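Each ligand, and each atom within it, is numbered from 1 in the order the structure gives. Quantities reported herein were computed from a predicted structural model and do not represent experimental measurements.
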Amino acid sequence: VIDIRKLYAETGHFTYDPGFTSTASTESKITYIDGDEGVLLYRGYDIAELAEHSTFLETCYLLLNGELPNPSQKTSFENSITNHTMLHEQIHFLFRGFRRDAHPMAVMCGVVGALSAFYHDATDYDDPKQRMIAQHRLIAKMPTIAAMAFKYSIGQPFMYPRNDLGYAENFLQMTFGVPAEPYKMSPVLAKAMDRIFILHADHEQNASTSTVRLAGSSGANPFACIAAGIACLWGPAHGGANEAVLKMLEEIGSVDKVGEAVKKAKDKNSGFRLMGFGHRVYKNYDPRAKVMRETCYEVLEELGVKDEPLLKMAMELERIALEDDYFVSKKLYPNVDFYSGIILRAMGFPTAMFTALFALARTVGWISQWNEMIEDPAQKIGRPRQLYTGATQRPYIPLDKRK
Ligand code: ACO
């Protein structure tokens, strides 16, 4: 381990690493990625196995606690999450303060940050029990907040959480249900939703997780830290990419124009990149994208969507790019966002909700990482250094002497 301060004091050198491409900011036992081999493990379990056999809540328990739950732990965890799904009624007023056309991510940033005004006990995070309650509250309330953001944007009444339903089912019910009619639940869509949540649950020190850790390193309230993570996730180079994939496919317009788009993406001056392609860590097929592609087929079949033009374009784009020297040599493969937008669109989510769903699912990763940081005896406030390249010291120039 290199002591940067010592190195700097002795040699005048320290690491300059824009974008942290090769600097570890922390040790972690939560998620392992081998980007060259396309491997993703949560606490040692392969993402594909979890997507097939686990549930999102079981995966949450695993990420938070390090081990899969035994039957009684599973039941008590699920009961605790169910117990915390409601939002304080005062939060309804907060929602009403937003414009109807507010982006759901803007609403989520605000509402999740505002939870810190409701749960003062969460500042007592030397106490593991208080930390656990904050974690459970966040996981439980995110679907309620995301669904309310959606309902508010379309002017429908809020739907209250139903504790007799599973996590994904309850979210679908709050999003697409209406008070007068019982919501018709498709087990295939509920399973697909749950799997999408599992695939997005954690991804080690990505930009939003690092943001949560950095915010938390100052001792900020966990709800405020998660709000910071949501803000970071919003950007198109991170969580906004699935929205950008759909926009790109719609702009391309038809399968026969895909080749032209791939050509354009190779031209740096065009300012156009293939959205949903490339990843900072994966230099191989993103293992989440594989599961996502299968899920996409299942969802479209369940919904009876045949010959979905966007899916056809996506497949053609993948085929052409993966045979193209530019993409092969730069190891640019489809990432998790490439197929998720098509699934979510087919399920009835407007594009503005895509990143909100990502935030919902990633909350468990953020809060697990936050908790690991708090428990780490080596933890200290995050304080990156800089290489100053500005002016050297100079005298102040009075206003009447300036040109
Ligand atoms: N299309 C075309 N060229 C690309 C693409 C792309 N999607 N992605 C990277 N490249 C090229 C770059 O131009 C660069 O070329 P150069 O070496 O000749 O300069 C090279 O590949 C490396 O790209 P960088 O931007 O330096 O790689 P970085 O690791 O910083 O970026 C990122 C990764 C942001 C994901 C990038 O691949 C990208 O912009 N992809 C599209 C957006 C996207 O899908 N984001 C989702 C990421 S996954 C997630 O957040 C869950």
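The Gly276 neighbourhood of ligand 1 comprises atoms 43 (C), 44 (O), with distances under 4.0 Å to a heavy atom of that residue. Atoms of ligand 1 found under 4.0 Å from any heavy atom of Ala241 (numbered from 1 in listed order, with element): 43 (C), 44 (O), 45 (N), 46 (C). Close contacts of ligand 1 with His238, meaning ligand atoms under 4.0 Å from a residue heavy atom, involve 46 (C), 49 (C), 50 (O). The distance from ligand 1 to the heavy atoms of Asp337 drops below 4.0 Å at these ligand atoms: 46 (C), 48 (S), 49 (C), 51 (C). In summary, the atoms of ligand 1 found under 4.0 Å from a heavy atom of Lys330, numbered by their order in the structure, are 11 (C), 15 (O), 16 (P), 17 (O), 18 (O), 20 (C), 21 (O). Near Ala265, the atoms of ligand 1 lying under 4.0 angstrom from a non-hydrogen atom of the residue are 2 (C).
In this comparison of Arg273, Arg288, Arg280, the heavy atom closest to atom 28 (P) of ligand 1 sits on Arg280. Selection from Val336, Asn335, Val262 by nearest heavy atom to atom 47 (C) of ligand 1 gives Asn335. Compare Phe272, Phe277, Tyr282, Tyr326 by their heavy atoms: the one nearest to atom 3 (N) of ligand 1 is in Tyr326.
The nearest protein heavy atom to atom 51 (C) of ligand 1 is closer than 4.0 Å. Within a 4.0 Å radius of atom 26 (O) of ligand 1, the protein contributes no non-hydrogen atoms.
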Before giving the answer on side chain to side chain contact (heavy atoms under 4.5 Å, CB included), spell out for Met353 and Leu344 the whole-Å C-alpha distance, their side-chain angles and the decisive distance to 0.1 Å.
CA-CA 9 Å; Met353 278 298 285; Leu344 297 176; over 6 Å; no
| Arg195 and Glu298: salt bridge (Lys or Arg N to Asp or Glu O under 4.0 Å), yes or no, with the steps? | CA-CA 12 Å; Arg195 199 180 285 158; Glu298 284 168 23; 3.2 Å; yes
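For the pair Arg280 and Thr21, the minimum side-chain heavy-atom distance is below 4.5 Å.
When only non-hydrogen protein atoms are considered, atom 8 (N) of ligand 1 lies nearest to Leu332 CD2, 3.6 Å. In this structure, atom 48 (S) of ligand 1 lies nearest to the protein heavy atom His279 CD2, 3.5 Å. The nearest protein atom to atom 35 (C) of ligand 1, hydrogens excluded, is given as Gly278 O, 3.6 Å; this is a heavy-atom distance. Scanning all protein heavy atoms for the shortest distance to atom 42 (C) of ligand 1 gives Met275 SD, 3.7 Å. Distance from atom 19 (O) of ligand 1 to its nearest protein heavy atom, with residue and atom name: Lys268 NZ, 3.3 Å. Counting only heavy atoms of the protein, atom 7 (N) of ligand 1 lies nearest to Leu274 O, 2.7 Å.
Between Glu169 and Arg162, no side-chain nitrogen of the basic residue sits less than 4.0 Å from a carboxylate oxygen of the acidic one, so the salt-bridge criterion is not met. Look at Lys129 and Asp127 and you find no salt bridge, because none of the NZ, NE, NH1 or NH2 atoms lies under 4.0 Å from a carboxylate O. In summary, Arg345 and Glu250 engage in a salt bridge, as defined by a charged side-chain N under 4.0 Å from a carboxylate O. Under 4.0 Å is where a charged nitrogen must lie from a carboxylate oxygen, and between Glu372 and Arg213 at least one such pair does. Ion pair Arg319/Glu316 flagged as a salt bridge, since at least one NZ, NE, NH1 or NH2 atom sits closer than 4.0 Å to an Asp/Glu carboxylate oxygen.
Counted within 6.0 Å of CE on Met86, heavy atoms from surrounding residues, nucleotides or ligands total 12 or fewer; the atom is thus considered open.
Residues forming a side chain to side chain contact (heavy atoms under 4.5 Å, CB included) with Ser80 (at least two apart in sequence, or on another chain): His84, His136.
Not less than 6.0 angstrom separates the ring centroid of Tyr282 from the ring centroid of Tyr333.
The closest approach between Gly19 and ligand 1 stays at or above 4.0 Å for every heavy atom of the residue.
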